Amino acid sequence: MKLIVQKYGGTSVKDTERIKAVARRVVERAAEGNKVIVVVSAMAGETDKFIKFANEITSRPDEREMDMLLSSGERVTSALMAMAIQALGRKAISFTGRQVGIFTDSSHTKALIDHIEAGRLKSALGHDKIPVVAGFQGINEYSDVTTLGRGGSDTTAVAIAAALKADLCEIYTDVDGVYTTDPRIVPEARKMTRISYDEMLEMASLGAKVLHGRSVEFAKKFNVPLVVRSSYNDSPGTLVTKEDGEMEKVVVTGVAQDKNQARITIMGMPDRPGIAASLFNKIAAANVNVDMIVQNISHDDQATDISFTVSKTDGDKAFEIAQQVSDKLGTSGVNMNPDVAKVSIIGVGMQSHFGVAATMFETLSQAGINIMMISTSEIKISCVVAASQSEQAVRELHTVFELAKE
Ligand code: ADP
Ligand code: ASP
Ligand code: MG
């Protein structure tokens with residue numbers, strides 16, 4: 001008997017017909033002799049709708065209240081899914097994040113899971129019930145509801161699979177698996193049969209929203225076999241697993257883009273030790289993650305420009321802090337560009353190949369796409385470009401690195 005955690009995303013549970021279809025899939029899997037735990041997202045569009053409501057009330061909603069609001073979408077689907085499974089004659093029970101003991105830190109709207117006390121899950125399984133867990137949420141040390149960041153239900157599923165040492169974690173979504181890039185942008189994108197944890201981690205963290213970045217971190221850390229599949233067909237999907245000798249030997253595996261980016265620039269910052277630390281400490285204290293940072297060489301040893309990127313959702317917050325710091329230090333001014341995107345190429349093969357970065361820059365330049373910032377690691381290269389050009393950049397890079405080829 002295998003223990004399988006199945007997660008169904010928003011489009012897979014977008015209405016009651018889809019919920020019933022998913023329930024049939026779950027029951028079939030259980031009837032094959034498996035123990036199944038289901039994790040569900042909110043119905044498609046619900047989380048966006050809640051965010052819109054909050055923004056209609058205030059431009060800076062309180063993050064604790066935001067989590068109370070956002071977590072409710074998953075709660076609805078978990079109850080409906082449990083009912084749909086029961087209607088098929090199997091025992092099922094829905095749980096919120098709190099009820100299954102998903103403990104997180106207190107960084108509201110992007111909380112990190114600390115540990116899972118899975119007592120109720122184990123007991124439900126012991127009573128032959130199919131647990132249906134509301135994804136995307138946990139509680140902090142004060143018993144306040146937290147959410148795990150957009151797309152976070154994937155992480156709920158993998159974390160539960162890790163905590164219960166499940167044999168498999170299946171992520172059911174609206175595409176057949178992980179492709180060389182978003183198939184909605186590049187229809188010729190190719191589905192991969194397998195991808196390594198490291199490459200998937202980069203793809204996900206760099207914007208391929210098919211998996212939540214943190215879910216891949218958990219899968220890698222606890223060696224959870226992870227499969228991405230469609231809830232609309234029986235295609236085998238993509239296995240995310242340890243790198244091995246049989247994996248495809250390619251230099252570039254995939255292209256990703258992230259449009260949830262904003263760039264902030266402080267001009268004429270005093271150039272002396274401790275200035276960057278004071279700025280970025282304040283930003284970190286406000287629970288904002290900084291991604292890329294570029295500081296210009298100061299020509300006169302007096303002042304320098306510093307640019308950094310944050311997620312667009314945190315843009316206003318980071319901009320305010322940058323302004324406060326700037327007022328205090330006396331700089332030449334601060335500006336924010338919310339119309340930027342990050343385009344990245346990913347591949348473990350890059351480590352042993354020269355010229356990959358040059359090809360990327362040359363390709364973007366030939367397409368008339370200006371690169372505003374660059375960052376590299378052993379297995380990825382990212383460029384910040386104008387948001388209006390990022391899809392074109394993805395297409396050009398997908399072509400030049402021949403990713404559509406079998
Ligand atoms: P769910 O609601 O099931 O969690 P998401 O919308 O979060 O689904 O993720 C699935 C979407 O991810 C796909 O519809 C696709 O447009 C997008 N996507 C981005 N990059 C990739 C990729 N490399 N492979 C597959 N899908 C991708
Ligand atoms: N409902 C949340 C979102 O839309 C979480 C998820 O679907 O994974 O981001
Ligand atoms: Mg998702």
Side-chain angles (χ1 to χ4, degrees), residues 6-14 18 22 39-52 66-67 69-78 97 109-111 133-138 146-159 170-193 195 199-216 227-232 235 237-238 240 252-260 311 313 341-347 390-391 394-395 397-398 403-404:
Q6 299 192 324
K7 177 261 170 177
Y8 292 91
T11 38
S12 303
V13 294
K14 69 175 183 222
R18 286 297 310 156
V22 165
V39 174
V40 285
S41 284
M43 290 167 152
E46 284 298 286
T47 311
D48 288 335
K49 186 180 82 186
F50 295 147
I51 294 174
K52 186 170 157 279
M66 209 57 197
D67 279 349
L69 174 67
L70 296 187
S71 60
S72 64
E74 271 65 14
R75 191 170 175 145
V76 170
T77 358
S78 65
T109 76
K110 50 179 130 184
V133 182
F136 178 52
Q137 55 184 275
T146 53
T147 63
L148 310 179
R150 296 306 305 267
S153 296
D154 299 335
T155 298
T156 305
V158 180
E170 295 178 318
I171 305 290
Y172 283 95
T173 182
D174 56 2
V175 280
D176 285 357
V178 181
Y179 283 70
T180 45
T181 194
D182 189 340
R184 291 182 208 286
I185 300 175
V186 184
E188 312 79 63
R190 186 171 50 85
K191 190 183 100 184
M192 293 180 253
T193 319
I195 182 170
E199 284 174 315
M200 190 64 238
L201 186 55
E202 290 289 352
M203 292 269 285
S205 328
L206 295 168
K209 72 170 185 160
V210 64
L211 282 177
H212 192 231
R214 258 180 239 141
S215 71
V216 190
V227 173
V228 179
R229 308 180 55 175
S230 166
S231 67
Y232 293 82
S235 157
T238 301
V240 187
V252 175
T253 310
V255 184
Q257 69 156 349
D258 186 350
K259 285 191 164 174
N260 182 23
S311 70
T313 2
K342 181 168 65 176
V343 177
S344 311
I345 56 173
I346 296 106
S390 78
E391 289 184 6
V394 169
R395 280 191 284 269
L397 295 170
H398 197 267
L403 298 184

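Only this structure's heavy atoms are used, side chains among them; waters, hydrogens and symmetry mates stay out. Here the structure is a predicted model, which means the values were calculated and not measured. In listed order, ligands and their atoms are each counted from 1.
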Task: Note, Ile185 side chain near Arg395 side chain (heavy atom, < 4.5 Å) - done: yes

TODO: Flag the pair Arg184 and Asp174 as a salt bridge only when some basic side-chain nitrogen lies within less than 4.0 angstrom of an acidic carboxylate oxygen.
DONE: yes

Task: Salt bridge present between Glu391 and Lys259 (N-O < 4.0 angstrom) - done: yes

Task: Any N or O of Asp154 closer than 3.5 Å to N or O of ligand 1 - done: no

Task: Verdict with reasoning, Arg150 to Asp48, per salt bridge (Lys or Arg N to Asp or Glu O under 4.0 Å) - done: CA-CA 10 Å; Arg150 296 306 305 267; Asp48 288 335; 3.0 Å; yes

TODO: For Lys7, counting its heavy atoms only, list the atoms of ligand 1 lying under 4.0 Å from any of them.
DONE: 4 (O)

- [ ] Could you tell me which atoms of ligand 1, counted from 1 in the order shown, lie closer than 4.0 angstrom to a heavy atom of Met203?
- [x] 23 (N)

Open item on the list: Taking 4.0 angstrom as the limit and counting only heavy atoms of Arg184, give me the atoms of ligand 1 inside it, by number and element.
Closed with: 13 (C), 14 (O), 15 (C), 16 (O)

Open item on the list: Evaluate Gln257 against Ser344 for side chain to side chain contact (heavy atoms under 4.5 Å, CB included), listing each step before the verdict.
Closed with: CA-CA 6 Å; Gln257 69 156 349; Ser344 311; over 6 Å; no

- [ ] Compute the shortest N/O to N/O distance between Gly10 and ligand 1 and return yes if it is under 3.5 Å, no if not.
- [x] yes

Task: Ionic contact status for Lys209 with Asp154, cut-off 4.0 Å - done: no

Open item on the list: Heavy atom to atom 27 (C) of ligand 1, shortest distance: which of Val210, Val228, Leu206 holds it?
Closed with: Val210

Open item on the list: Under 4.0 Å from a heavy atom of Gly177: which atoms of ligand 1 are those, numbered in the order shown and with their elements?
Closed with: 24 (N), 25 (C)

- [ ] Tell me, yes or no, whether the heavy-atom count around Arg229 atom CZ, taken from other residues, nucleotides or ligands under 6.0 Å, exceeds 12.
- [x] yes

Open item on the list: Show the nearest heavy-atom pair for residues Val39 and Gly135, with the distance to one decimal.
Closed with: CG1-CA, 3.8 Å

Task: For Val178, atoms of ligand 1 separated by under 4.0 Å from a heavy atom - done: 24 (N)

Open item on the list: Using a 4.0 Å cut-off to any heavy atom of Asp174, which atoms of ligand 1 qualify?
Closed with: 10 (C), 11 (C), 13 (C), 14 (O)

Open item on the list: As an exercise, identify every atom of ligand 1 less than 4.0 angstrom from a heavy atom of Thr181.
Closed with: 22 (C), 23 (N)

Task: Ser12 side-chain N/O to Tyr8 backbone N/O, donor-acceptor pair under 3.5 Å - done: no

Pick out the protein N or O atoms lying less than 3.5 Å from any N or O of ligand 2, and list each pair with its distance.
| from | atom 1 | to | atom 2 | distance (Å) |
| --- | --- | --- | --- | --- |
| ligand 2 | 1 (N) | Thr47 | OG1 | 2.8 |
| ligand 2 | 1 (N) | Glu74 | OE2 | 2.7 |
| ligand 2 | 4 (O) | Thr47 | OG1 | 3.3 |
| ligand 2 | 4 (O) | Arg150 | NH2 | 2.9 |
| ligand 2 | 7 (O) | Ser41 | OG | 3.0 |
| ligand 2 | 8 (O) | Gly151 | O | 3.4 |
| ligand 2 | 8 (O) | Gly152 | N | 3.4 |
| ligand 2 | 8 (O) | Ser153 | N | 3.0 |
| ligand 2 | 8 (O) | Ser153 | OG | 3.1 |
| ligand 2 | 9 (O) | Arg150 | NE | 2.7 |
| ligand 2 | 9 (O) | Gly151 | N | 2.8 |

TODO: Would you check the N or O atoms of Thr180, main chain and side chain alike, for any that come under 3.5 Å of an N or O of ligand 1?
DONE: no

- [ ] Would you check whether Ser41 reaches within less than 4.0 Å of ligand 1, judged by its heavy atoms?
- [x] no

Task: Non-hydrogen side-chain atoms of Thr156 and Val133 separated by less than 4.5 Å - done: yes

